[in-house]
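Residue numbering restarts at 1 for every chain, and letters A, B, ... go by the order of the sequence lines. Just so you know, these numbers use all the heavy atoms, side chains as well, and skip hydrogens, waters and symmetry mates.
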Amino acid sequence: MTRSAGRPQILTAALLAPAVLLFAVMLLAPLLVIVVFAFGERAPAGGYAAAFTFDNFLNLPARGKAFINTLTLAPIGTLLTAVIAFPVAYFLALRCDPKWRVTLLVLVMAPFWTSQLLRYYAWIMLLGAKGVPAWLSYLGFPDIRIINTPWAVLIGAVYGYLPLMVPPIYVSLEKLDKRLLEASSDLGATPLRSFLQVTLPLALPGVATGAMLVFILLMGDYILPQYLGGGKVFFIGNALVDLFLQSRNWPYGAAVSLALVAIMFVTILVYMRFVLGGSGQRRVALV
Amino acid sequence: MRLYVMLIYVFLYAPIGFIVGGSFNSGKQAMVWQGFSLDWYGKAFSNPLIMEALTTSLYIALVNAVLSAIIGTLTALGLQRVGGWTRAGFDALIYIAIMVPGIVIGISTLIAFVTVFDAVNPLLSVRLEMGAWAVIAAHVLFNTAVVALLVRARLQGMDRSLVEASEDLYATPFGTFRQVVLPLLAPSILAGFLLAFTFSFEDFIIAYFVAGPDVTLPIYIFSSIRRGVTPEINAVGSVVVLSSFILLIAAQLILRRSGRPAG
């Protein structure tokens with residue numbers, strides 16, 4: 001792009017300099033330190049001692065439970081959230097009074113941005129012995145325990161991330177050309193068949209965007225498993241807090257962090273390669 | 001279907017209702033209603049620890065939002081002027097900054113800075129340590145990336161002929177920027193500012209690692225939940241929930257009114 005500005009090079013450099021400094025000091029340097037530490041040893045009093053060893057990586061199975069929990073509950077939670085979010089997005093995009101659309105959409109998104117700690121704390125109470133299980137026992141289902149089980153974590157995942165899943169699905173459904181549905185029904189398709197063969201395939205890019213966003217956040221979650229899993233169902237995030245703040249095994253914690261980041265990047269690359277490949281929807285939905 | 005959607009809204013808002021309800025409960029126990037009272041609001045706002053945490057959080061969120069809005073906008077403008085590998089490199093960094101989990105950002109920032117400080121502190125007369133500044137720096141990293149994406153989306157949707165018209169009318173480049181480009185970008189910058197503020201005000205995990213001796217409101221809430229929460233916290237929570245709702249609705253209205261590209 002040509003500009004009539006007097007010293008374009010200097011101006012460009014000046015515009016980008018703060019970001020370069022920020023990325024270098026706050027992103028690249030810390031990530032480099034993590035990589036270096038992951039090959040080191042734990043100092044006797046905790047912290048880091050210089051070394052070059054692969055032991056930390058070979059020891060990763062010692063925290064295998066955290067990896068297994070994260071790698072099963074994060075995908076299941078994401079899928080469950082997508083399945084529950086879809087009808088909401090469908091209603092907002094195609095069935096609801098256009099006057100209320102934006103308001104209802106904002107109301108879906110808003111909870112995500114209000115105190116996560118307090119909302120999950122409320123769920124501890126609601127799913128605890130005096131909450132939902134007590135109501136269920138009135139109905140004749142005694143002795144159901146929810147809190148501190150994988151079910152509680154899944155309920156929390158749907159609750160916490162529904163606000164992020166609905167908007168991208170909504171956007172893809174709203175863009176959908178309604179004439180395609182008319183054509184489909186004119187050609188004799190049942191509503192169910194129109195839905196399965198027209199609506200659903202066209203909404204998939206939105207589902208994929210939402211699922212990616214939710215999956216990324218679930219993988220790195222700490223508060224959700226901490227509060228609703230109560231130390232019994234823990235994620236990689238809980239293992240990291242333990243390793244860095246309690247047992248102060250920095251090198252091992254660094255290796256666990258790298259493994260987490262590596263899993264996430266592989267997932268994202270697979271997503272970009274196969275899901276975004278032909279759909280032309282390359283934007284990451286943030287809001 | 002209507003019923004299903006209504007149930008989902010109940011599901012989303014029940015815990016928030018539970019928090020707000022608890023703040024008006026005169027008793028201490030969360031699951032037992034003992035009558036209406038506003039006492040907890042009075043107690044919360046006269047508790048110096050809560051007020052200090054609130055002030056720290058507001059300070060961090062505000063400084064972070066200002067810095068992110070400025071640096072993010074400069075970055076988006078700068079990226080318009082470069083291409084090829086420079087641009088691809090920045091794109092990669094922006095996406096990495098957004099995708100690396102907050103917990104890893106917190107951890108890596110903590111150990112990198114603590115290691116450097118342990119090395120240089122014996123040589124200095126002042127003692128460097130973690131604190132609110134580190135929380136701001138880590139939040140600015142994430143939020144700058146977000147603002148840069150928002151502003152860039154707006155720049156790409158901008159009508160180039162307005163800039164050309166301004167140049168044809170002999171406006172200086174800075175004049176064009178100030179009178180044409182900036183007003184067009186203002187909605188996305190403001191929306192980015194509000195998102196950055198909310199993100200920072202709500203963040204627990206990054207602050208938990210890098211805040212050092214400083215206590216933000218989420219850190220205070222976390223430790224009081226650990227000790228056994230009192231309705232005082234519900235009262236603060238209710239005020240916070242209400243304020244973040246107002247900010248969010250403002251951000252949404254600004255984005256929608258300015259015709260944000262889908263995404």
(message) Tell me which of these, Pro15(B), Ala112(B), Gly72(B), Gly106(B), has more heavy-atom pairs under 4.5 Å with chain A than the rest.
(response) Pro15(B)

(message) Counting only non-hydrogen atoms closer than 4.5 Å, does Val36(A) touch chain B with its backbone (N, CA, C, O), its side chain (CB onward), both, or neither?
(response) neither

(message) If you compare all heavy atoms of Ala19(A) against all heavy atoms of Thr75(B), which two are closest, and at what distance to 0.1 Å?
(response) CB-OG1, 3.3 Å

(message) Taking side chain as everything from C-beta outward and backbone as N, CA, C, O, which of these in Val116(B) sits under 4.5 Å from a heavy atom of chain A? Side chain, backbone, both or neither.
(response) neither

(request) Please state whether the side chain, the backbone, both or neither of Ile124(A) comes within less than 4.5 Å of a heavy atom of chain B. (result) neither

(request) Go through the steps for Arg81(B) and Leu11(A) under the test side-chain contact (heavy atoms from CB on, under 4.5 Å), then give the verdict. (result) CA-CA 9 Å; Arg81(B) 307 164 62 97; Leu11(A) 180 57; 3.7 Å; yes

(message) Around atom CE of Met1(B), are there more than 12 heavy atoms from other residues, nucleotides or ligands closer than 6.0 Å?
(response) yes

(message) How long is the straight-line distance from CD1 of Ile221(B) back to CD of Gln116(A), given to the nearest 0.5 Å?
(response) 11.5 Å

(request) Name the member of Val88(A), Leu162(A), Leu104(A), Asp221(A) that forms the most heavy-atom pairs with chain B at distances under 4.5 Å. (result) Leu104(A)

(request) Can you tell which part of Met264(A) gets under 4.5 Å to a heavy atom of chain B, answering side chain, backbone, both or neither? (result) side chain

(message) Report which part of Phe244(A) has an atom under 4.5 Å of a heavy atom belonging to chain B: side chain, backbone, both, or neither.
(response) side chain

(message) Quick check: do Thr114(A) and Ile16(B) have side-chain heavy atoms less than 4.5 Å from each other?
(response) yes

(message) Does any backbone or side-chain atom of Leu141(B) lie under 4.5 Å from a heavy atom of chain A? Answer side chain, backbone, both or neither.
(response) both

(request) Please look at Leu92(A) and chain B and tell me whether the side chain, the backbone, both or neither of the residue comes under 4.5 angstrom of a heavy atom of that chain. (result) side chain

(request) Look at Thr115(B), Thr176(B), Val240(B) and state which one has the largest set of heavy-atom pairs under 4.5 Å with chain A. (result) Thr115(B)

(request) Might you point out which heavy atoms bring Leu126(A) and Phe18(B) nearest each other, and give the distance in Å? (result) CD2-CD1, 4.0 Å

(message) Taking side chain as everything from C-beta outward and backbone as N, CA, C, O, which of these in Val241(B) sits under 4.5 Å from a heavy atom of chain A? Side chain, backbone, both or neither.
(response) both

(request) Report yes if the side chains of Val25(A) and Phe113(B) come closer than 4.5 Å at any heavy-atom pair, otherwise no. (result) yes

(request) Provide the closest heavy-atom pair for Gly220(A) versus Pro101(B) in the form atom of the first, atom of the second, distance. (result) CA-CB, 4.0 Å

(request) Heavy-atom distances under 4.5 Å only: say whether Leu258(A) touches chain B with side chain, backbone, both or neither. (result) neither

(request) State, to 0.1 Å, how close Leu107(A) and Tyr13(B) come at their nearest heavy-atom pair, and which atoms those are. (result) O-OH, 2.5 Å

(request) Would you mind checking which part of Val261(A) comes under 4.5 Å of any heavy atom in chain B, side chain (CB onward), backbone (N, CA, C, O), both or neither? (result) side chain

(message) Less than 4.5 Å to any heavy atom of chain B: does that hold for the side chain of Leu245(A), its backbone, both, or neither?
(response) side chain

(message) Within the 4.5 Å heavy-atom criterion, are Ile8(B) and Val108(A) side-chain neighbours or not?
(response) no

(request) Please step through side-chain contact (heavy atoms from CB on, under 4.5 Å) for the pair Ile205(B) and Val241(A), ending with a clear verdict. (result) CA-CA 9 Å; Ile205(B) 197 67; Val241(A) 168; 4.3 Å; yes

(message) Before we go on, tell me: are the rings of Tyr9(B) and Trp100(A) under 6.0 Å apart, centre to centre?
(response) no

(request) Indicate yes or no: at least one non-hydrogen side-chain atom of Leu12(B) is less than 4.5 angstrom from one of Pro163(A). (result) yes

(request) Starting at CG of Leu260(A), measure out to CD1 of Ile107(B) and round the result to the nearest 0.5 Å. (result) 9.0 Å

(request) Of all the heavy-atom pairs spanning Ile225(B) and Leu117(A), show the shortest one and how long it is. (result) CD1-O, 3.9 Å

(request) Counting only heavy atoms closer than 4.5 Å, note whether Phe209(B) contacts chain A via side chain, backbone, both or neither. (result) side chain

(request) Please step through side-chain contact (heavy atoms from CB on, under 4.5 Å) for the pair Tyr95(B) and Ile268(A), ending with a clear verdict. (result) CA-CA 11 Å; Tyr95(B) 283 112; Ile268(A) 292 164; over 6 Å; no

(request) Heavy-atom distances under 4.5 Å only: say whether Leu79(B) touches chain A with side chain, backbone, both or neither. (result) both

(message) How long is the straight-line distance from OH of Tyr121(A) back to CD1 of Ile19(B), given to the nearest 0.5 Å?
(response) 9.5 Å

(message) Counting only non-hydrogen atoms closer than 4.5 Å, does Tyr120(A) touch chain B with its backbone (N, CA, C, O), its side chain (CB onward), both, or neither?
(response) neither

(request) Hey, could you give me the CZ/CD1 distance between Phe265(A) and Ile96(B), rounded to the nearest 0.5 Å? (result) 5.0 Å

(message) Can you tell me which portion of Thr73(B) sits under 4.5 Å from chain A's heavy atoms? Options are side chain, backbone, both or neither.
(response) neither

(request) Under 4.5 Å heavy-atom distance to chain A, tell me which part of Phe11(B) shows up: side chain, backbone, both or neither. (result) both

(request) Give, as side chain, backbone, both or neither, the part of Leu22(A) having an atom under 4.5 angstrom from any heavy atom of chain B. (result) both

(request) Mind checking the CD1-CD1 spacing from Ile103(B) to Ile223(A)? Nearest 0.5 Å is all I need. (result) 9.0 Å

(request) Could you walk me through whether Phe199(B) and Trp113(A) pass the side-chain contact (heavy atoms from CB on, under 4.5 Å) test, one step at a time? (result) CA-CA 7 Å; Phe199(B) 169 86; Trp113(A) 298 95; 4.2 Å; yes

(message) Less than 4.5 Å to any heavy atom of chain B: does that hold for the side chain of Tyr222(A), its backbone, both, or neither?
(response) side chain

(request) Check whether any side-chain heavy atom of Ile105(B) lies under 4.5 Å from a side-chain heavy atom of Leu27(A), and answer yes or no. (result) yes

(request) Select, from Ile34(A), Leu240(A), Leu118(A), Val33(A), the one with the greatest count of heavy-atom pairs under 4.5 Å involving chain B. (result) Leu118(A)

(message) If I measure from the heavy atoms of chain B, does Val256(A) come under 4.5 Å with its side chain, its backbone, both, or neither?
(response) neither

(message) Ignoring hydrogens, what is the shortest heavy-atom contact between Thr109(B) and Met26(A)? Give both atom names and the distance.
(response) CG2-CE, 3.6 Å

(message) At a 4.5 Å cut-off on heavy atoms, which part of Phe174(B) comes close to chain A: side chain, backbone, both, or neither?
(response) neither

(message) Would you compute the distance between atom CD1 of Ile216(A) and atom CE of Met99(B) and round it to the nearest 0.5 angstrom?
(response) 4.5 Å

(request) Check each atom of Tyr48(A) against the heavy atoms of chain B and say whether the ones under 4.5 Å are side chain, backbone, both or neither. (result) neither

(request) Select one option (side chain, backbone, both, neither) describing which atoms of Leu217(B) are under 4.5 Å from chain A's heavy atoms. (result) neither

(request) Check whether Ile233(B) gets within reach of chain A through its side chain, its backbone, both or neither, counting any heavy atom under 4.5 Å. (result) both

